[in-house]
Trainee: 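Mind looking over this structure? Questions follow.
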Amino acid sequence: MGVADAEEALRLRTIGLEQYLEALAEEQPAETVVGPSPRKPVGPRRAVPHRQNAAGVEDLSVDYQAVMAAAAEAGGDGLGARRAAVVLGWDSASASRVEGARARLKRLVERGWLVETKPGRFTLPAEQRTDEAVRPGGGS
């Protein structure tokens, strides 16, 4: 039981740290958030912009871009937290790592990048899936 308790404490601390770093990043002055800046933002790059405020997936950090690519690849089946942990290069057997991946997926849902179609299954929003399906097939 000692190991399980330690893993749970680590998981909670990891999630708490991610939320803290994201809150710090959101407290940046408005001018750095409103328009594109020629220089890199100062501070943690973990903040996930809201989908409507972003030019595209390239506005996300490399880790989040990888998760978005995996979600697109998964299609209608959706991406699960365990697979997202693998995409992030984490140990998918570690409960705390899987929960960290789930927290990132949930953050992408909160910001409009993904939708949770079924509990634990994350996909691209319907309009993005439709756009991708129309382009290669050439018809609607």
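Throughout, residue positions are numbered sequentially from 1 according to the sequence presented.
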Trainee: Hey, what do you get for CG (D59) to CD (Q65), rounding to the nearest 0.5 Å?
Mentor: 8.5 Å
Trainee: Is there side-chain contact between Y64 and V48, with at least one heavy-atom pair below 4.5 Å?
Mentor: yes
Trainee: As an exercise, state the distance from CD of E7 to OG of S94, rounded to the nearest 0.5 Å.
Mentor: 5.5 Å
Trainee: Before giving the answer on salt bridge (charged side-chain N to carboxylate O under 4.0 Å, His left out), spell out for R102 and E99 the whole-Å C-alpha distance, their side-chain angles and the decisive distance to 0.1 Å.
Mentor: CA-CA 5 Å; R102 186 181 328 282; E99 286 304 313; 3.2 Å; yes
Trainee: Test side-chain contact (heavy atoms from CB on, under 4.5 Å) on R104 and D63 and set out the steps.
Mentor: CA-CA 9 Å; R104 288 187 178 203; D63 285 350; 3.1 Å; yes
Trainee: Please tell me whether L105 and V87 are part of a single hydrophobic cluster in this structure, the criterion being side-chain heavy atoms less than 4.5 Å apart.
Mentor: no
Trainee: Can V98 be reached from V109 by stepping across I, L, V, M, F, W or Y side chains whose heavy atoms are under 4.5 Å apart?
Mentor: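 V109 and V98: separate clusters.
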Trainee: Between E8 and L12 (side chain of the first, backbone of the second, donor and acceptor by atom type, cut-off under 3.5 Å), is there such a pair?
Mentor: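 Flag not set: sc E8 to bb L12 has no pair under 3.5 Å.
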Trainee: Indicate every side-chain donor-acceptor pair of residues 77-85 with a distance under 3.5 Å to a residue at least two apart or in another chain.
Mentor:
{"unit_1": "R82", "atom_1": "NH1", "unit_2": "S92", "atom_2": "O", "d": "2.3"}

Trainee: Flag the pair W113 / R107 as yes when at least one side-chain heavy-atom distance between them is below 4.5 Å, and no otherwise.
Mentor: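 W113 vs R107: side chains apart.
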Trainee: Locate the shortest heavy-atom distance separating R111 from H50; write the atom from each residue and the value.
Mentor: CD-CE1, 3.3 Å
Trainee: Enter the distance from F122:CZ to L114:CG here, rounded to the nearest 0.5 Å.
Mentor: 8.0 Å
Trainee: Answer whether the closest heavy-atom distance between the side chains of L60 and M68 falls below 4.5 Å.
Mentor: yes
